[in-house]
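The next block holds one structure in the form of structure tokens; read it before the comments.
None of these values were measured; they are calculated from a predicted model.
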Amino acid sequence: ESQKHHDAIRVYFTFETELNQRLMLNKLSVSKFDSSRNRASALSDPNLLFRGTLVLEVVEPPEPSAVRWVDLDSGMKDLVMKIIYTAVIILFVGLSTAFTKLVYDWKPTFGAYTISFSNVAIKMVALKLSVMEKHKSSEVRQIWIYIKIAIFRWVNTVIVITVITPYTSTLMNGKKELLTGVYKIFFAEILTGSILQYLDISGNLARHVKAPRAKTQEEMNLQMRGVRVYIAERYVNMTKVLFMAVYYCPIFPGGLVMGFLALVANYFVDRFSLMRTWRPSPKLGASISTFTREWIFPITIIFMARQGVRYWSNLPFDAVCPSDVDAFPGTYELKAFNPETLSLNDDITTTVTVNPGEKFHRYCKNDLLSLHGMETFNKMYFDTASQKGLSLIYEYLVLSTYFIVAGVIAWALGRIIKKYFSVTYEEVGDDQHIAFSTVQSRTSYIPQVESESSPFPFLACPTDDIKDSGMFEWRDPRRPYEYYDLTKDVEKIVAASGGKLDDDVALFSKMVHDRPPWST
């Protein structure tokens, strides 16, 4: 069979000194706009053109362990697929809402735990979808996982309970009322998630049941690796609790205390898991924290302000508003309505007196999905003048908050646009004057592919020249690096079929190590 040639997509450099790295980045860095259009004028010296004609896109790469070597060729088509898969998550939101309503109507406590367990299930769905996507680095993958899980969990945990609960039950006492449901969700989040994570049932089964019964050392090592942790899910868990606390704080201030307790519990359980049960994860940069700060927190503030004016304006949540029609004075006897028989109950009655000058009251469409929670703010009915005044003040404060948050989001968007049209590289800190070859725990960009069937990754480059370089982030105490070299497997397969690899054909990545004379 013919051997297919693959052109290089990216080239990674590791410099001996930080000074040389900064010099190269300062000289060769151009904007994405310039590199995509091969604008030679963007470079200060024509000698900096690659092969005399090409403008390279030179950027600081992610950490070596965060590079996804098999997905480096992802492009616009893959971005569209990510958006489609995210839309699938939105579809799951609708299905989960319908199922949760059925369970909640049957038994509210089970409804709260259904929400909690469905939040765990969506993690598995999001991870399966992320495997089908292409991401250039683990940081990018974590952000897309973050978006998928956050959309589902925010809606499923916080907003669904509002949708499935009748409007007039907002401030009422009872097992099926809104505040009771919110309390139970907080309680379930504090206990269910923390206890399940602490128990680490799957991990303990692997370590204490499967590992001792493994037939080979390699099988045992696979069972002892620990649980894979996703930083995206930890961020979602934190922001979900924060979002729920501020969403309901106008009518449930105790939610702020319960949210604090949930975050404290998460902190201690995460710290325990980090030291005892989680496997090592790729070293990531600040992308997720920056995304949370610039996008998630502003959205949370918008919802907090919006819900505040809704709840204050809709008190006392009785769905009754006055009309301009005069009522008929007199004393009337009212009978209770039996919803099961659709008839009046003669055994339950009450007497109502209507005084002259009083108005008829009508049913208001107090829809929490509308702009203010009632028809319009000017037509709202307030029980007292102080409520109206407070609501007006709250309304103006909310509008001010909208403008501030809109400015923050516009600034974040401006940064994204600026990155496309301008050079983004900036030197951070001072040169530490530490040679790379003198660092004991150094690692470099060695192409490798992880597999669930192996405790160590497979190497997608020849290892003959780098096996003693000390650049690897891991070491198998039982086998040499050549054992994980995929190029040797291909050579054996081709040789078994009577063929021979063409050295001029690029099948795998190549790594060249130029060892300094003073290196150890």
### Query
Residues in side-chain contact (heavy atoms from CB on, under 4.5 Å) with Glu18, at least two apart?
Gln21, Arg22, Asp431, Gln432
### Message
Just so I know, are the side chains of Leu413 and Trp295 near enough to count as touching, which here means a heavy-atom distance under 4.5 Å?
### Response
yes
### Query
Under 3.5 Å, is there a donor-acceptor pair between the side chain of Thr239 and the main chain of Val236?
yes
### Query
Can you tell me how far CG of Leu178 sits from CD1 of Ile251, rounded to the nearest 0.5 angstrom?
5.0 Å
### Task
Mark yes or no for whether Glu139, through its side chain, and Gly285, through its backbone, hold a donor-acceptor pair below 3.5 Å.
yes
### Thr86 side, atom OG1; Leu91 side, atom CG - distance, nearest 0.5 Å
13.0 Å
### Task
Begin from the C-alpha positions of Arg234 and Val229 and carry the test side chain to side chain contact (heavy atoms under 4.5 Å, CB included) through to its verdict.
CA-CA 8 Å; Arg234 309 319 305 159; Val229 59; 4.3 Å; yes
### Message
Using side-chain heavy atoms (C-beta onward) and a distance below 4.5 Å, is Asp270 in contact with Trp278?
### Response
yes
### Message
What I want to find out is whether Asp73 reaches Lys134 closely enough, with some N-O distance under 4.0 Å, to be called a salt bridge.
### Response
yes
### Task
Only counting residues at least two apart or in another chain, list the ones meeting ring-ring contact (aromatic ring centres under 6.0 Å, His included) with Tyr12.
Trp69, Tyr445
### Query
Is Pro282 close to Leu284 at the side-chain level, that is, under 4.5 Å between some pair of heavy atoms?
yes
### Query
Is a donor on one side and an acceptor on the other found under 3.5 Å between the side chain of Arg10 and the backbone of Leu72?
yes
### Summary
Applying ring-ring contact (aromatic ring centres under 6.0 Å, His included) to Phe403 and not counting sequence neighbours gives none
### Query
Between atom OG1 of Thr300 and atom NZ of Lys240, what is the distance when rounded to the nearest 0.5 Å?
13.5 Å
### Query
Between Lys82 and Glu133, is there a salt bridge with N-O shorter than 4.0 Å?
no
### Task
Decide yes or no for Pro455 and Glu218: does some side-chain heavy atom of the first lie under 4.5 Å from some side-chain heavy atom of the second?
yes
### Query
Which pairs, with at least one residue in residues 224-252 and sequence neighbours excluded, count as a ring pair (Phe, Tyr, Trp, His ring centres under 6.0 Å)?
Trp154-Phe243, Phe243-Tyr247, Phe243-Phe303
### Query
What is the distance from atom CD1 of Ile122 to atom CZ of Arg153, rounded to the nearest 0.5 Å?
8.5 Å
### Task
Please confirm whether the backbone N or O of Val209 pairs with a side-chain atom of Arg213, one donor and one acceptor, at under 3.5 Å?
yes
### Query
Does the Asn156 side chain pair with the main chain of Ser118, one donor and one acceptor, at a distance under 3.5 Å?
no
### Task
Look up atom CG in Asn266 and atom CG in Asn237, then write down how far apart they are to the nearest 0.5 Å.
4.5 Å
### Message
Salt bridge check, Arg442 against Glu473: does any charged N sit closer than 4.0 Å to a carboxylate O?
### Response
no
### Query
Between the main-chain N or O of Phe92 and the side-chain N or O of Ser96, is there a donor-acceptor pair closer than 3.5 Å?
no
### Message
What I'd like to find out is whether the side chain of Ile288 reaches to under 4.5 Å of the side chain of Ile143, using heavy atoms alone.
### Response
yes
### Task
Inspect the contact between Glu294 and Arg415 and indicate whether a charged nitrogen and a carboxylate oxygen are less than 4.0 angstrom apart.
yes
### Query
With a 3.5 Å cut-off and no angle check, do the side chains of Ser137 and Arg68 form a donor-acceptor pair?
no
### Query
When the aromatic ring centroids of Tyr146 and Phe291 are compared, is their separation below 6.0 Å?
yes
### Query
Stepwise, does the side chain to side chain contact (heavy atoms under 4.5 Å, CB included) test hold for Glu333 with Thr350?
CA-CA 6 Å; Glu333 183 182 69; Thr350 185; over 6 Å; no
### Task
Give, for atom NZ of Lys136 and atom CG of Asp78, the distance between the pair rounded to the nearest 0.5 Å.
9.0 Å
### Task
Keeping the roles fixed (side chain from Ser65, backbone from Lys283), state whether a donor-acceptor pair exists under 3.5 Å.
yes
### Task
With sequence neighbours left out, write down each residue that passes side-chain contact (heavy atoms from CB on, under 4.5 Å) with Thr277, or none if nothing qualifies.
Asp200, Arg207, Phe272, Ser273
## Note on the structure
Phe328 meets the ring-ring contact (aromatic ring centres under 6.0 Å, His included) criterion, sequence neighbours left out, with Phe360
### Query
Taking side chain as C-beta onward, heavy atoms only, is Ile145 less than 4.5 Å from Glu233?
no
### Backbone of Glu450 reached by a side-chain donor or acceptor of Ser454 within 3.5 Å
no
